[in-house]
Amino acid sequence: MATATMAATAAKLIKGGGSPQLLLSSSKLALSFPCCPLIIHKKKKPVNNIRLLISFSAARHNYHLHHSFCTTANVNADAISTSDSESQSGGGGGGGDAPSDDAGASLSKIKDAGNLLDIRVGRVIKAWRHEEADSLYVEQVDVGEAEPRIICSGLVKYIPLDHLQQRNVVVLANLKPRNMRGVKSNGMLMAASDASHEHVELLHPPDGSIPGERIWFGSPDDHTNLPDPASPNQIQKKKIWESVQPHLKTDDSCMAILGGEHFMRTSAGVVASKSLNNANIS
């Protein structure tokens, strides 16, 4: 296990958390941090000294969060409430690994759902302003099919038209078509945006990616076991995109990542934003 990697992960996740306690076992290293005041929505008041525990599995080379999260702009209220009840209901002992297993199972489900999305490398052949909507572009996009797709994107405010022409993009291809002011849009260009949504950048596939190539979440070898994409009806009925999108971000290095663990990949490498780190992706 790379201790430096674990330390870097802890430093990345904890900002202003105070001095950690180090917990060791035969297969795991855990760091326990006291957190700053935290708002628990059910109680409507700040709660101090909620603890954050990060455990690193030597076998899996990954980490899990336990008990609660440090205060951030995107606090998970359900996770906080659950951890609060756990801390009141039982002390140490044999139950310590259960939250880790639950977190791992949850990440696995998010990854599985993400890989039901038909995300592809696309290339914009031509783009123009929508005649009936000032905020929309219309793009003709090669996604490896017999005919290019027509896609409408609300990017006029953020991206100059000439920056769209003849560029590779990331396309979510199994959404139901939508009529957007008289133009049938068949897909979505995926982009990163900051919290205020003042800055937006299209995701870009790595150099060498081929239009039509399917994009996946996970390791470089996971593409060999990808499931068939869900149908547009299934995407809508099961709300698959809605379940995945909140977990889709860019990391500190602007790389697209799902659930903080599963990178968005083509056969040529990892998908990224040009300059927006720790940004939302939609």
Side-chain angles (χ1 to χ4, degrees), residues 9 11-17 35-41 44-46 50 52 65 68-81 110 113-114 117 119 122 124 127 129-130 133-139 141 151-165 167-172 175 178 180-181 185 187-206 215 217 239-264 270-282:
T9 303
K12 176 180 174 181
L13 291 173
I14 309 303
K15 295 180 180 178
C35 289
C36 44
L38 195 62
I39 299 297
I40 294 182
H41 296 277
K44 303 294 184 183
K45 63 181 182 181
I50 302 297
L52 172 67
L65 303 182
S68 70
F69 298 98
C70 283
T71 305
T72 68
N74 297 309
V75 170
N76 186 319
D78 292 337
I80 295 167
S81 301
I110 293 168
L117 299 172
I119 304 175
V124 178
R129 294 286 292 268
H130 194 300
D134 292 340
S135 64
L136 295 179
Y137 289 132
V138 183
E139 302 100 11
V141 187
I151 297 176
C152 295
S153 303
L155 297 171
V156 171
K157 181 180 175 181
Y158 309 104
I159 299 175
L161 183 58
D162 61 332
H163 289 191
L164 276 176
Q165 311 291 353
R167 66 170 290 175
N168 283 0
V169 291
V170 174
V171 178
L172 179 52
L175 297 175
R178 292 178 58 192
M180 301 184 74
R181 301 292 292 271
S185 179
M188 181 179 79
L189 303 190
M190 299 184 70
S193 61
D194 60 11
S196 64
H197 208 72
E198 293 182 0
H199 301 92
V200 177
E201 294 178 353
L202 287 170
L203 295 182
H204 62 85
I215 295 171
F217 299 102
K239 298 187 181 300
I240 294 174
W241 170 238
E242 289 83 354
S243 70
V244 171
Q245 189 276 325
H247 305 280
L248 193 52
K249 314 280 185 182
T250 61
D251 67 5
D252 287 345
S253 301
C254 303
M255 302 294 186
I257 193 168
L258 180 64
E261 185 170 329
H262 306 296
F263 284 104
M264 181 187 244
V270 177
V271 172
S273 169
K274 182 179 179 181
S275 65
L276 293 179
N277 61 353
N278 302 310
N280 297 317
I281 293 176
S282 59

> Does atom CG (D162) have a neighbourhood of more than 12 heavy atoms from anything else shown, all under 6.0 Å?
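Counting other residues, nucleotides and ligands, CG of D162 exceeds 12 neighbours.
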> Quick one: do M190 and V171 satisfy side-chain contact (heavy atoms from CB on, under 4.5 Å)? Show the steps, please.
CA-CA 6 Å; M190 299 184 70; V171 178; over 6 Å; no
> Restricting to non-hydrogen atoms, name the atom on R129 and the atom on D134 that form the minimum distance, rounded to 0.1 Å.
NH2-O, 3.1 Å
> When you compare the side chain of P205 with that of V170, does any pair of heavy atoms fall below 4.5 Å?
yes
> Rounded to the nearest 0.5 Å, what separates atom CD1 in I119 from atom CE in M264?
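Going from CD1 on I119 over to CE on M264, the span is 4.0 Å.
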> Nearest 0.5 Å please: distance from the CD1 atom of I151 over to the CG atom of L136.
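Going from the CD1 atom of I151 to the CG atom of L136 covers 13.0 Å.
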> Can you measure from CG (N278) to CD1 (I257) and round to the nearest 0.5 angstrom?
10.5 Å
> If we ignore hydrogens and angles and just use 3.5 Å, is the side chain of Y137 paired with the main-chain N or O of I159 as donor and acceptor?
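Looks like yes, one N/O pair under 3.5 Å.
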> Restricting to non-hydrogen atoms, name the atom on M180 and the atom on H130 that form the minimum distance, rounded to 0.1 Å.
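Scanning both residues, the minimum pair turns out to be O-NE2, 2.9 Å.
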> So, for S153 and E139, which heavy atoms are closest and what is the spacing to 0.1 Å?
OG-OE1, 3.0 Å
> M255 and A272: which non-hydrogen atoms are nearest, and at how many Å?
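Shortest heavy-atom separation between M255 and A272 comes out as SD-CB, 3.9 Å.
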> Does a sphere of radius 6.0 Å around CZ in R167 hold more than 12 heavy atoms from other residues, nucleotides or ligands, not counting ones at 6.0 Å or beyond?
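More than 12 within 6.0 Å, yes.
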> Let me confirm one number: the NE2-CG distance from H262 to L248, rounded to the nearest 0.5 Å.
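Reported to 0.5 Å precision, the distance equals 12.0 Å.
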> Looking at I281, is its backbone amide N or carbonyl O close enough to the side chain of Q245 to form a donor-acceptor pair, meaning the two atoms are under 3.5 Å apart?
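The answer is yes, because a donor-acceptor pair under 3.5 Å joins these two groups.
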> When you measure from the side chain of T250 to the backbone of A279, do you find a donor-acceptor pair of N or O atoms at a distance under 3.5 Å?
yes
> Looking only at non-hydrogen atoms, find the nearest pair between V270 and A256 and report the distance.
CG1-O, 4.2 Å
> Show your reasoning for whether side-chain contact (heavy atoms from CB on, under 4.5 Å) applies to I110 and F217.
CA-CA 10 Å; I110 293 168; F217 299 102; over 6 Å; no
> State, to 0.1 Å, how close L258 and G114 come at their nearest heavy-atom pair, and which atoms those are.
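Shortest heavy-atom separation between L258 and G114 comes out as CD2-CA, 4.3 Å.
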> Side chains of residues 195-202: which donor-acceptor pairs under 3.5 Å do they make with residues two or more places apart or in other chains?
residue	atom	partner	partner atom	Å
S196	OG	D194	OD1	3.3
S196	OG	E198	N	3.4
H197	ND1	S193	OG	3.3
H199	ND1	D194	OD2	2.7
E201	OE1	S273	OG	2.5
E201	OE1	K274	N	3.1
E201	OE1	S275	N	2.8
E201	OE1	L276	N	3.4
E201	OE2	S275	OG	2.3

